[in-house]
Trainee: 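My questions all concern the structure below.
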2 protein chains.
Amino acid sequence: MARTRGAARAGSVSALDPLGFALDRGSPVPLYHQLAQQLEAAIADGSLAPGDLLGNEVDLSVRLGLSRPTVRQAIQSLVDKGLLVRRRGVGTQVVHSQVKRPLELSSLYDDLEAAGQGPTTRVVRNERVPAPADVAAALGVAEGAEVTVLERLRSTHGQPVAILCNYLPADLLDLDTARLEATGLYRMMRAVGITLHSAHQTVGARRATAGEGTRLDEQEGAALLTMQRTAYDDTGRAVEYGTHIYRASRYAFDFQLMVRS
Amino acid sequence: MARTRGAARAGSVSALDPLGFALDRGSPVPLYHQLAQQLEAAIADGSLAPGDLLGNEVDLSVRLGLSRPTVRQAIQSLVDKGLLVRRRGVGTQVVHSQVKRPLELSSLYDDLEAAGQGPTTRVVRNERVPAPADVAAALGVAEGAEVTVLERLRSTHGQPVAILCNYLPADLLDLDTARLEATGLYRMMRAVGITLHSAHQTVGARRATAGEGTRLDEQEGAALLTMQRTAYDDTGRAVEYGTHIYRASRYAFDFQLMVRS
DNA sequence: CAGTGGTCTAGACCACAGA
DNA sequence: CTGTGGTCTAGACCACTGA
């Protein structure tokens with residue numbers, strides 16, 4: 001349990017003395033956020049190494065010319081991101097082994113956003129239909145209410161990777177096929193003020209039917225990854241429900257879980 | 001966009017006037033947490049219905065005898081949980097459609113914790129070995145360092161469901177096989193002060209080999225769900241790395257994603 | 001014991017939403 | 001315009017850690 005780092009910084013209690021923090025009070029960006037961003041950058045570029053102590057909050061606030069609650073708010077946001085750890089009686093230090101990418105909803109954003117960015121997405125179907133029972137239940141609308149059904153084929157390097165089938169409440173937004181292929185569903189939703197907030201996913205596996213094999217360029221019986229998702233905006237409204245099928249030989253879900261304390 | 005609820009409460013701006021909030025200043029539980037718990041309970045039992053406004057924060061703090069920052073801290077924790085939505089200029093309201101279960105790390109906890117609770121887990125292997133290269137890399141220890149290797153067979157209703165293979169740094173804790181089957185890995189980690197914080201997972205699919213088929217009571221070539229995970233404690237230390245194989249016919253991952261703003 | 005983060009207060013001004 | 005949440009301040013005391 002010997003600590004091999006930390007003692008070498010003679011005369012300096014904190015690891016970030018030499019760092020220049022520039023806070024712009026005229027900026028519309030909140031001070032706590034400016035500080036958080038600069039701390040995060042210092043961690044990213046190695047100025048603050050894993051295990052380094054930040055120095056106590058009171059000193060920090062005095063040196064930065066901020067109040068302690070503001071400094072705490074900045075630190076807290078990084079703690080929430082998993083970059084820092086607080087220990088009462090000890091101090092705040094940089095987490096020992098950073099998790100590279102905090103891409104929580106990555107697969108979700110990928111699925112919704114990606115379009116023409118390397119992976120290409122072809123819209124196979126885009127129409128409005130009365131909601132079947134399962135879709136209506138998932139979206140929380142009346143059975144038979146008008147929903148948009150979207151079917152897309154996702155490819156990378158000219159190879160098909162996935163078949164994506166999505167349903168959205170029809171009154172949510174208009175989905176022009178050309179814009180959809182160019183912009184991506186996620187950005188079109190952002191553009192009309194819909195903020196994705198959470199999603200419920202079920203991931204399973206099964207073997208390909210003959211038809212799926214043909215469309216995905218796989219043998220019948222090949223292993224497929226399946227995913228069903230219902231996505232909600234920040235008011236808790238269901239805004240998307242879909243079933244996705246991926247070629248297991250070319251795709252895997254990769255994600256980060258965080259414990260909600 | 002007609003609002004069919006809310007106007008009926010004559011003479012009351014807020015939905016929680018009739019609610020009795022009991023704050024105990026002598027309790028070791030922080031005031032903001034007491035308030036958050038009681039608000040959450042009110043939402044859970046329907047006293048606060050989806051869409052209800054909470055009433056403005058200043059009034060609330062006066063009526064509760066708390067400062068506004070304290071009330072805000074309580075509200076913020078529920079916003080983070082996805083139970084409330086804040087809208088500047090409008091107010092704070094209960095989210096429209098609650099997500100039933102916020103079981104973020106469910107599969108992780110299930111995998112680590114479950115033991116004798118319906119699903120049974122038999123420890124097939126439990127020994128200490130020098131870390132192979134891939135395991136050493138995942139756990140952030142030196143290649144050849146001593147690690148505990150754990151292989152378990154998970155069953156429900158007498159049917160095998162999954163083969164779980166895990167590696168842990170050997171100095172982390174002692175894993176008595178009997179206690180492991182009775183208590184579960186997760187609880188044994190809690191008991192020695194390890195707090196799980198985050199995990200990185202990769203989920204894929206493939207077809208079963210002949211040997212896997214035999215052990216899982218499936219045909220050779222059956223669809224399998226595969227999962228690799230590295231779990232970290234709150235200091236960022238890797239505490240577990242494992243490869244799990246599930247029968248796709250009897251198991252699917254079911255989880256909730258939250259956007260980290 | 002001294003030092004740290006954890007909690008809390010009582011104000012202040014600003015930015016944005018909606019009538 | 002009024003009302004809301006968003007941000008910020010300058011203090012205070014407590015609980016825990018580790019020497």
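Proteins come first, then strands; the chains are lettered A, B, ... in the order of their sequence lines, and each starts at number 1.
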Trainee: E40(B): which residues meet the side chain to side chain donor-acceptor pair (under 3.5 Å) condition with it, sequence neighbours left out?
Mentor: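 Partners of E40(B) by the side chain to side chain donor-acceptor pair (under 3.5 Å) criterion, ordered by chain and then number, come out as K81(B).
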
Trainee: Please report, rounded to the nearest Å, how far the C1' atom of dA2(C) is from the CG atom of D59(A).
Mentor: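 The answer, rounded to whole Å, is 14 Å.
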
Trainee: dT7(D), OP1 or OP2 - any side-chain N/O from Y32(A) closer than 4.0 Å?
Mentor: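 The answer is yes; a side-chain N or O of Y32(A) sits under 4.0 Å from OP1 or OP2.
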
Trainee: What residues, two or more places apart in sequence or in another chain, satisfy side chain to side chain donor-acceptor pair (under 3.5 Å) together with R72(A)?
Mentor: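 Listed in chain order: E57(A).
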
Trainee: Any side-chain N or O of N56(B) less than 4.0 Å from the OP1 or OP2 oxygen of dT4(D)?
Mentor: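 Yes, because at least one side-chain N or O of N56(B) sits under 4.0 Å from OP1 or OP2 of dT4(D).
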
Trainee: Kindly point out which of dT7(D), dG5(C), dT9(C) is positioned nearest to the side chain of T92(A)?
Mentor: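 Within the option list, the nearest is dG5(C).
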
Trainee: Whole angstrom is fine here: how far is it from CG in L35(B) over to C1' in dT7(C)?
Mentor: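 Taking atom C1' of dT7(C) as the reference, CG of L35(B) is at 14 Å.
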
Trainee: Just the rounded figure in Å: distance from P of dT4(C) to CD1 of I75(A).
Mentor: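 Nearest whole value for this atom pair: 12 Å.
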
Trainee: Using the test side chain to side chain donor-acceptor pair (under 3.5 Å), find all partners of D24(A) that sit at least two apart in sequence or belong to another chain.
Mentor: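 Partners of D24(A) by the side chain to side chain donor-acceptor pair (under 3.5 Å) criterion come out as none, since no residue qualifies.
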
Trainee: Might you point out which heavy atoms bring A142(B) and A131(B) nearest each other, and give the distance in Å?
Mentor: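 For A142(B) and A131(B), the tightest heavy-atom pair comes out as O-CB, 4.2 Å.
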
Trainee: Rounded to the nearest angstrom, tell me the gap between atom CZ in R25(A) and atom P in dC8(D).
Mentor: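 Roughly 8 Å, once rounded to whole Å.
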
Trainee: Strictly below 4.0 Å: does T70(A) bring a side-chain N or O up to OP1 or OP2 of dT9(D)?
Mentor: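 Result: yes.
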
Trainee: Quick one: are D233(B) and T195(B) in side-chain contact, heavy atoms under 4.5 Å?
Mentor: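 Not touching, per the 4.5 Å side-chain cut-off.
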
Trainee: Using a 4.0 Å cut-off on protein heavy atoms (strictly under), produce a 5'-to-3' string for nucleotides 10-19 of chain C with B for base contact, S for backbone-only sugar-phosphate contact, and - for none.
Mentor: B-B--BSS--

Trainee: Whole angstrom is fine here: how far is it from CG in L53(B) over to C1' in dG5(D)?
Mentor: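 It is 12 Å, rounded to the nearest whole Å.
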
Trainee: Could you tell me how far apart Q93(B) (CD) and dG5(D) (P) are, to the nearest whole angstrom?
Mentor: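 Taking atom P of dG5(D) as the reference, CD of Q93(B) is at 11 Å.
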
Trainee: Considering residues at least two apart in sequence or located in another chain, which fulfil the salt bridge (Lys or Arg N to Asp or Glu O under 4.0 Å) criterion with R87(B)?
Mentor: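 Checked R87(B) against salt bridge (Lys or Arg N to Asp or Glu O under 4.0 Å); matches are D234(A).
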
Trainee: Can you tell which of dT9(D), dC8(C), dG5(C) lies closest to the side chain of R86(A)?
Mentor: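 Comparing dT9(D), dC8(C), dG5(C) against the side chain of R86(A), the answer is dG5(C).
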
Trainee: In whole angstroms, how far is the P atom of dT9(C) from the CG atom of L60(B)?
Mentor: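 Checked: the CG to P distance equals 13 Å.
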
Trainee: Could you pull out all residues at least two apart from E146(A) that satisfy salt bridge (Lys or Arg N to Asp or Glu O under 4.0 Å)?
Mentor: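 Partners of E146(A) by the salt bridge (Lys or Arg N to Asp or Glu O under 4.0 Å) criterion, ordered by chain and then number, come out as R128(A).
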
Trainee: Once you round it to whole Å, what is the distance between C1' of dT7(C) and CZ of R72(B)?
Mentor: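 Rounded to whole Å, this separation is 16 Å.
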
